[in-house]
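The structure appears right after this line, and notes come after that.
Everything numeric here is computed off the predicted structure, so don't read it as measured data. Just so it is clear: chains get the letters A, B, ... in the order the sequence lines come, proteins before strands, and each one is counted from 1. Any value given below was found using the heavy atoms of this structure, including those in side chains, with hydrogens, waters and symmetry copies removed.
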Amino acid sequence: MPTADELAIVGLSLRVAVVSVACSLPFAVAIAWVLARRSFPGKTLVDAAVHLPLVLPPVVVGYALLVLFGRHGPLGRVLADWFGIVLAFRWTGAALAAAIMGFPLMVRAIRLSFESVDRRLEVAARTLGGSRLSVFMSISLPLALRGVATGAMLSFARGLGEFGATITFVSNIPGETQTLPLAIYTYTQVPGAEPQALHLSLLAVALSLAALVGSEWLARIARHRRDDDRG
Amino acid sequence: MIEVDVEKGRGAFELAVRFALDAPIVGLFGHSGAGKTSVVDAIAGILTPDRGRIVVDGVPLYDSARGVDVTIDRRRVGYVFQDPLLFPHLDVEANLLYGLRRRALVERIVEPSRVIELLGLRPMLRRRPMTLSGGERQRVAIGRALLAQPRILLMDEPLSALDLARKNEVLDYIERLHRELRIPIVYVSHSIAEIARLADAAALLDRGRCVAAGATGEVLGRPEVTRGVDRYEDGAVIETRVIAHDTADSLTRLAFAGGELLVPRIAAPAGAAVRTRIRARDVALSTARPEGTSVLNIIAGEVTAIDRRDGAMVDVRLGCGGAALVARITRRSLGELGIRPGQRLYALVKAVSFDDAAIGRQ
């Protein structure tokens, strides 16, 4: 059985991953829709910027976050002074790091599913009196729901495993920013703590499997909703 | 009343269409690539012209001179596309009510129950579009467009994806809803049969231009139509009236400006107006009134024009007391009979050449 400490680590990891997905999902949906449906100057640039965390070393992303959102960074100072939000060395910072790292995966999956929605359905809905927003909410989004679920799951799984950007940005503080991968890493650095490392690793495998099963289940529900009684 | 005057340059294809027609059902006719869909897209607001004016029943929807461009969702134009484009994640009822729910209460005139009855949709309300047949889907699409409370209904080749039986089924429904609801319809087709059966007035498009507009019979009788479009289907369209039915032989006697026609029995009552199409290839010519022939319809007329065509065929146009007929004969027959403009001839039309597709009910 997992110990109280281990459960706390798992709980923190879940909190970080869930918050990162919940906060980044609306932005990901908006950007995915814009990339799928709009053409504008600089679209390639936006596309590249979204994909950047996928190709950069995570440590570089973490360092960039530290520079921007640190207590004395340009964005970090504004957040702290105006809203009282501090991200550096807090679990919320870990959530931001996880969100940034998972963002490209999320956007890709959602964008693909928007692109597979027949544009003519949206045009038909417009002729029936739907405003742009109402057509998006009633046609485009429901038809792309499967991709949204997949994207959220991918980002969630990526967030659970996030290491490089997190440790660089918010360090490795037990109880605050020490998520599952960081805890495993810490144990491997301590002589004689292999059993704990193994135990936590098994927990990580179980969590990842659960996420995978969950995403399959969501996808099946979405498929079911779309073509219920086919045949 | 629908006024269209639009210009749009799109690379190699240039659209410059202008017509104004006042009829319950307006046909937009021409072969594929003529610009028919571009015109209805412009009416619906899907395609923005470079310049022009679109007015439906006195309401300006687009006017480049005055900066009017009503957005798609505010145009109240019902659009039935070639494909039904039903929303796959909604059942039939939710599809039908999609537009209705997005209109203000004051704009709601067409009742859901009425449309559901009219189009026979009651038994399928809970079903998903996936499970419907092609004809059923197109009926739902028509109902959905009607319930969005349109000023005008645009139908862009709504039958093209259907087989013949389904086509006739949906055509019957279109005729019926038009009689009952009195919503003006713009009906796009490249099929002479459909235009002749449904449309009261028509515009003929060719390579992005409107080459003729007016009463359907007149427009379909134009040489541009005969030239190539639908070489087995073209011919004359004449307005007739049912005189009587011959029950014993199962025939119907029709009166038209040039005399009488005998056709296989139709369902219309005596006195009913019936639009009839006589294909050019179904008309034979004779210089003398033939004796001992099985052909039931022998109509006297005078040659008004001879249209040379490529290959073996020529089209001879006849004036028959106010009605126009077209006969397609071989170049050889033309020469052997010595047919020339002004000559009096007899047009021979077999009664069996009139089928369901050739006779419209009104």
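- The stretch residues 99-146 of chain B participates, sequence neighbours left out, in no ring pair (Phe, Tyr, Trp, His ring centres under 6.0 Å) pair at all.
- For residues 140-159 of chain B, a heavy-atom distance under 4.5 Å to chain A picks out B:Arg144, B:Ala145, B:Ala148, given by residue number.
- For B:Arg101, the side-chain hydrogen bond (donor to acceptor under 3.5 Å, both in side chains) test picks out no residue, with sequence neighbours left out.
- In this structure, the portion of B:Leu86 lying under 4.5 Å from any heavy atom of chain A is its backbone and not its side chain.
- Both the backbone and the side chain of B:Leu85 come within less than 4.5 Å of a heavy atom of chain A.
- Residue B:Asp91 does not touch chain A at all, counting heavy-atom pairs closer than 4.5 Å.
- Other residues, nucleotides and ligands contribute at most 12 non-hydrogen atoms within 6.0 Å of the CG atom of A:Leu45.
- With rounding to the nearest 0.5 Å, the separation of CZ in A:Arg120 from CD1 in B:Ile46 is 11.0 Å.
- The interface of residues 125-140 of chain A with chain B, defined by heavy-atom distances below 4.5 Å, comprises A:Ala125, A:Arg126, A:Thr127, A:Leu128, A:Gly129, A:Gly130, A:Ser131, A:Ser134, A:Val135, A:Ser138, A:Ile139.
- Residue contact with chain A, scored on non-hydrogen atoms closer than 4.5 Å, is absent for B:Arg75.
- Counting non-hydrogen atoms of other residues, nucleotides and ligands closer than 6.0 Å to CZ of B:Arg122 gives a total above 12.
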